[in-house]
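Structure record follows, encoded as structure tokens.
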Amino acid sequence: MAQISSSIIHIAKPVPQFYSVFCQSELLEIIQALELRKEIPLKYSYKGRGAKIWDDFYLKFIIPTWYRRSNVEIDLLNQSFDYINGNFEHSKKINVIDVGAGNSYPVKQFIHKLNQLGKLNKYLALDISEELLHLSKNNFKKWFPLVEFISNPIDIENNSIPQSWLNDDISKIILHLGVTIGNHLNRDRVFKNFRESMGNNDLLVFTNEIGSNSQWDGKVRGGCNYHAQQIYGWVKNNIGIRSEDCELVRKYDLATDSVVANIRFFHDYTINFSWMGIDKNIQISAGEEITIWRHHKHELSELIQELKAAELELIHYNVNKYSSHVIAICKVA
Ligand SMILES: C[S@@+](CC[C@H](N)C(=O)[O-])C[C@H]1O[C@@H](n2cnc3c(N)ncnc32)[C@H](O)[C@@H]1O
């Protein structure tokens with residue numbers, strides 16, 4: 001670990017590529033999150049080059065291959081297929097809305113099965129990252145050239161799904177996969193936004209890790225390992241923080257009851273945001289940390305409470321054989 005010194009103030013200036021992927025309100029949200037919580041919200045790290053970081057991570061570490069045959073999420077979705085489909089016995093067709101679609105790979109088998117049953121009306125991919133939506137479209141059109149595909153950018157933490165994007169009375173399955181619910185800062189708001197997007201016949205299906213966050217064993221795995229490492233590089237390069245001035249720290253964060261990945265600064269730093277009329281300095285002192293990745297596992301009882309607060313009801317769930325992941329199926333309460 002480098003020695004912490006506060007004698008020199010370093011100034012970091014984000015590069016033009018950083019600014020190019022954010023609109024003004026997003027940039028203001030990043031500045032506010034840095035100022036109030038010392039955090040760069042993880043959701044923004046999927047934009048621009050961050051899309052390739054996610055796709056590379058997925059293709060290298062998550063996708064099933066001959067040496068890694070199964071994938072916990074795909075397995076859970078397969079196990080739940082009959083239950084989900086059974087809920088739509090009386091519906092002729094269903095719309096699938098994949099929120100935080102990523103590269104859409106996890107839904108490939110699910111869509112294939114629904115389509116074979118003649119149940120699929122259309123697939124709508126929604127994501128904060130336009131670059132991932134582009135990737136999703138390329139993949140989906142290759143796999144299912146005859147299925148109608150629609151995509152739209154959305155930040156589900158700040159918006160519900162506009163009815164106008166569907167424009168029909170068909171029942172829907174809203175998917176939120178990849179343990180993404182555990183990455184949001186404001187899970188309550190996300191659940192409420194889902195609730196506001198749902199009618200009585202619709203289902204919300206999402207996955208998360210389950211268990212106690214505070215009993216984290218300190219071993220970095222999965223997203224906390226490789227994805228956080230890549231985001232660390234992305235943030236340093238884009239914001240202009242020198243590698244020798246910081247380190248990546250993973251730890252349990254009591255305030256958010258989450259495991260986080262933080263950048264710890266060795267020196268006093270000023271980050272100067274200067275773009276589209278915004279001119280703002282954020283001061284970080286030597287020894288301070290900025291959160292760039294976070295994940296909150298749910299205890300099942302807590303999950304039920306959070307759903308209830310959003311007027312959603314857990315009607316069915318499956319856990320994997322290690323009891324590390326859950327797939328939750330919900331209706332409006
Ligand atoms: C962990 S990845 C999961 C991707 C995919 N569902 C899967 O299971 O592989 C999270 C995805 O959600 C998107 N995302 C994160 N926060 C979001 C938000 N607030 N609104 C919309 N999409 C978001 C990211 O861009 C990314 O595609």
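Side-chain atoms are counted along with the backbone in the values below, which use heavy atoms only and exclude waters and symmetry mates. Note that ligands are numbered from 1 as they come in the structure, with each ligand's atoms numbered from 1 the same way.
- Taking the six-membered ring wherever Trp is involved, the centroid distance between the rings of Tyr317 and Phe206 does not fall below 6.0 Å.
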Salt bridge (charged side-chain N to carboxylate O under 4.0 Å, His left out) assessment of Lys43 paired with Glu29:
CA-CA 11 Å; Lys43 62 186 177 185; Glu29 193 179 320; 2.9 Å; yes
Per-pair distances, ligand 1 N/O vs protein N/O, less than 3.5 Å:
residue, atom, partner, partner atom, Å
ligand 1, 6 (N), Gly100, O, 2.7
ligand 1, 6 (N), Leu177, O, 3.4
ligand 1, 8 (O), Gly178, N, 3.2
ligand 1, 19 (N), Asp155, OD1, 2.8
ligand 1, 20 (N), Ile154, O, 3.4
ligand 1, 20 (N), Ile156, N, 2.9
ligand 1, 22 (N), Ile128, N, 3.2
ligand 1, 25 (O), Asp127, OD1, 2.5
ligand 1, 27 (O), Gly102, N, 3.3
ligand 1, 27 (O), Asp127, OD1, 3.4
ligand 1, 27 (O), Asp127, OD2, 2.6

Determine, stepwise, if the pair Asn208 / His295 fulfils side chain to side chain contact (heavy atoms under 4.5 Å, CB included).
CA-CA 10 Å; Asn208 200 12; His295 191 263; 3.0 Å; yes
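- Among all heavy-atom pairs drawn from Asn213 and Tyr252, the shortest one is O-CD1, 3.5 Å.
- In this structure, His227 has its ring center closer than 6.0 angstrom to the ring center of Tyr46.
- When the side chain to side chain contact (heavy atoms under 4.5 Å, CB included) test is applied to Gln283, the partners found at least two apart in sequence or on another chain are Thr270, Asn281.
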